[in-house]
Amino acid sequence: PSGAVVLGNEATILTEARDMIITAAFVASPFISSTGEGNTFHGTFGPADPADISINTTGWLTGTLVPSTGSFSGQVISGGITQRFAAVFLGNGSCVFTNAAGFRNGTSLTVGGRALTLSHSPAGIDIRLDGTLVGLAQRARYSSTSPAPAALQGLHTVALPAKEQNPARDFTTYPQGIGFGSFTTTATGTLIFAGTLADGTAFSASTALVTGEEAPFFAALTTPGASSTLGSFSGLLNFDASQEDSDVTGTDLLWIRPSVTEVLGTRPAPLATQVYTAGWPNGIRVDAVGARYDPARTVQQALNLPDANVESGNVELEFSDGKLSEPVVVSALNIVGNNVTGIPATNSTFSLALVPGTGLMSGVFTPNWTQAAVARPAFRGIVLQKGRSAGGYGFFLSNRANDTDPESGRATLGVRPPPRP
């Protein structure tokens, strides 16, 4: 009737001075999964035009749906701000947000000055900003009643190699080193992806496997040298244990890093502002390759290293880019089991430490650049164990004396190639 006020599936009607008959029509709940899926949703969002990518136009939405009522408790991250909210989805897929008291207060939520609207469908939750579709949050594929396949469960180690950018940019303006991370996929398909990017920035993201054996993720970053969380690392991990050289891959993961104000000095705080000061506010892309990690396998077994050779060694450490005049190859070492021995044992030009339980590796090496600092540059990385990807992957930051523009280079550990005839 005229004068009725409708919000979602609630109508406020001023009754007339006579009896009124109200008829309700019921439909089957569209929120109950028939396949044992979970009730959490995860998804990234961003602009359709890559030229518009920034920390303010990209983000993350996650939340938990109550199938019996359509109630949704969620969280959205955009512009470096995390905003929690409550809402309810209706039978037609539309969404109404609620306030702290549980009262419905609108069909949109203000996020960074833009109107966020959501809608539910069998594919997931459509995410719109100012009416424009910007992303999809998908339902967790597995749960306690429908566990993930055993081949997808367990500890995985992941390398995050650098790649050429499109549009092209000077390789000295972004890291050429290899970031790394790891996660353990549980029986319910949940995981926490955590690691270190190739400029030294730590990241952590909680997510779950969704349709297509994929895991969308989003990590809000505090950029070294910055005072607030203004960066992000996000993308999609694809799982396929049938591949010969990997169990998980990722293409064009998005890394946003803001510019910072450079401060001169040699203490840790000023030094942090001197690493890639200009940043990449519009993002750069990196890839991912990873595999299940078995702590019971030694590094020698995982890398298929030959027996120790007391003269020439059985493995190589190689360092490149990062202001090196040419690659530095360290071959005077053997790995037997998980033990590293230099040739001779007193060799102090490098160090290599391996952590068999997690696959982490670290150490120092002697660079070939001029103006070498007293302290040798340190490297960090992780070991992969599958197929042609088996090896160690990591990064180092150049530390030439009085250099206020350090760069990230790559560190790799692998089988020493046979001598040339």
Side-chain angles (χ1 to χ4, degrees), residues 155-163 175-182 195-196 198 243-250 286-322 324 326-343 347 349-368 376-396 408-421:
L155 174 63
H156 293 68
T157 55
V158 181
L160 303 168
K163 63 186 301 181
Q176 299 303 298
I178 304 173
F180 60 92
S182 64
T196 305
Q243 296 298 308
E244 294 183 358
D245 303 316
S246 66
D247 294 316
V248 58
T249 56
V286 302
D287 288 340
V289 58
R292 289 184 67 185
Y293 184 85
D294 181 1
R297 296 180 67 194
T298 68
V299 175
Q300 185 179 19
Q301 292 171 333
L303 273 58
N304 196 28
L305 301 180
D307 293 337
N309 187 315
V310 296
E311 295 182 356
S312 59
N314 69 349
V315 68
E316 281 189 347
L317 265 172
E318 182 171 337
F319 305 90
S320 58
D321 298 310
L324 294 172
E326 59 183 16
V328 172
V329 179
V330 178
S331 57
L333 75 156
N334 283 296
I335 295 180
V336 178
N338 293 314
N339 298 315
V340 180
T341 304
I343 303 174
N347 187 343
T349 61
F350 76 97
S351 68
L352 172 62
L354 302 169
V355 185
T358 60
L360 293 174
M361 69 176 192
S362 61
V364 299
F365 72 100
T366 302
N368 55 21
R376 288 171 295 174
F379 66 92
R380 291 183 285 164
I382 207 159
V383 173
L384 272 58
Q385 294 185 330
K386 191 171 186 180
R388 289 174 295 179
S389 298
Y393 303 89
F395 74 94
F396 66 90
S408 168
R410 62 189 295 153
T412 58
L413 174 70
V415 177
R416 182 179 183 186
R420 295 179 179 177

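Here, residue 1 is the first one in the sequence, and each next residue gets the next number.
- Phe319 and Val330 get closest at one heavy-atom pair: CE1-CG2, 4.2 Å.
- Between Ala198 and Pro175, the shortest heavy-atom distance links the atoms CB-CB, 3.7 Å.
- At a threshold of 4.5 Å between non-hydrogen side-chain atoms, the residues Val315 and Val299 do not count as touching.
- The side-chain heavy atoms of Ile343 and Val310, taken from C-beta on, include no pair separated by under 4.5 Å.
- When every heavy atom of Glu316 is checked against every heavy atom of Ser331, the shortest pair comes out as CG-CB, 3.8 Å.
- The line from CG of Asn334 to CG of Asp307 is 9.5 Å long, rounded to the nearest 0.5 Å.
- Contact check for Val340 versus Leu333: side-chain heavy atoms found under the 4.5 Å cut-off.
- Between Asp245 and Arg388, at least one side-chain N (NZ, or NE/NH1/NH2) sits under 4.0 Å from a carboxylate O, which counts as a salt bridge.
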Report all side-chain donor-acceptor pairs from residues 354-366 shorter than 3.5 Å, counting only partners two or more places apart or in another chain.
{"from": "Thr358", "atom 1": "OG1", "to": "Leu360", "atom 2": "N", "distance (Å)": "3.4"}
{"from": "Thr366", "atom 1": "OG1", "to": "Thr349", "atom 2": "O", "distance (Å)": "2.7"}

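- One finds the CZ atom of Arg410 at 4.0 Å from the CD1 atom of Ile178 (value rounded to the nearest 0.5 Å).
- In this structure, the side chain of Asn368 engages the main chain of Glu326 through a donor-acceptor pair within 3.5 Å.
- The side-chain heavy atoms of Phe395 and Arg380, taken from C-beta on, include a pair separated by under 4.5 Å.
- Interatomic distance, CG of Asn304 versus CG of Asn314, reported as 11.0 Å (0.5 Å rounding).
- Ala291 and Lys386 get closest at one heavy-atom pair: CB-CB, 3.6 Å.
- Thr157 contributes atom OG1, which lies 11.5 Å from atom CZ of Arg292 (distance to the nearest 0.5 angstrom).
- Heavy-atom minimum distance, Val286 versus Pro161: CB-O, 3.6 Å.
- Under the side-chain hydrogen bond (donor to acceptor under 3.5 Å, both in side chains) criterion, Asp287 pairs with Lys163, not counting sequence neighbours.
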Audit row: Val248, Val158, side chain to side chain contact (heavy atoms under 4.5 Å, CB included) steps and yes/no:
CA-CA 8 Å; Val248 58; Val158 181; 4.3 Å; yes
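- For Ala288 against Leu160, the heavy-atom pair with the smallest separation is CB-CD2, 3.7 Å.
- Taken from CG in Leu324 to CD in Gln176, the straight-line distance is 12.0 Å, to the nearest 0.5 Å.
- In terms of modelled atom types and a separation under 3.5 Å, the side chain of Gln300 and the main chain of Pro306 share a donor-acceptor contact.
- The line from OG1 of Thr298 to CD1 of Ile335 is 9.5 Å long, rounded to the nearest 0.5 Å.
- The shortest side-chain heavy-atom distance between Leu317 and Phe379 falls under the 4.5 Å cut-off.
- For Asp294, the side-chain hydrogen bond (donor to acceptor under 3.5 Å, both in side chains) criterion is met by no residue, not counting sequence neighbours.
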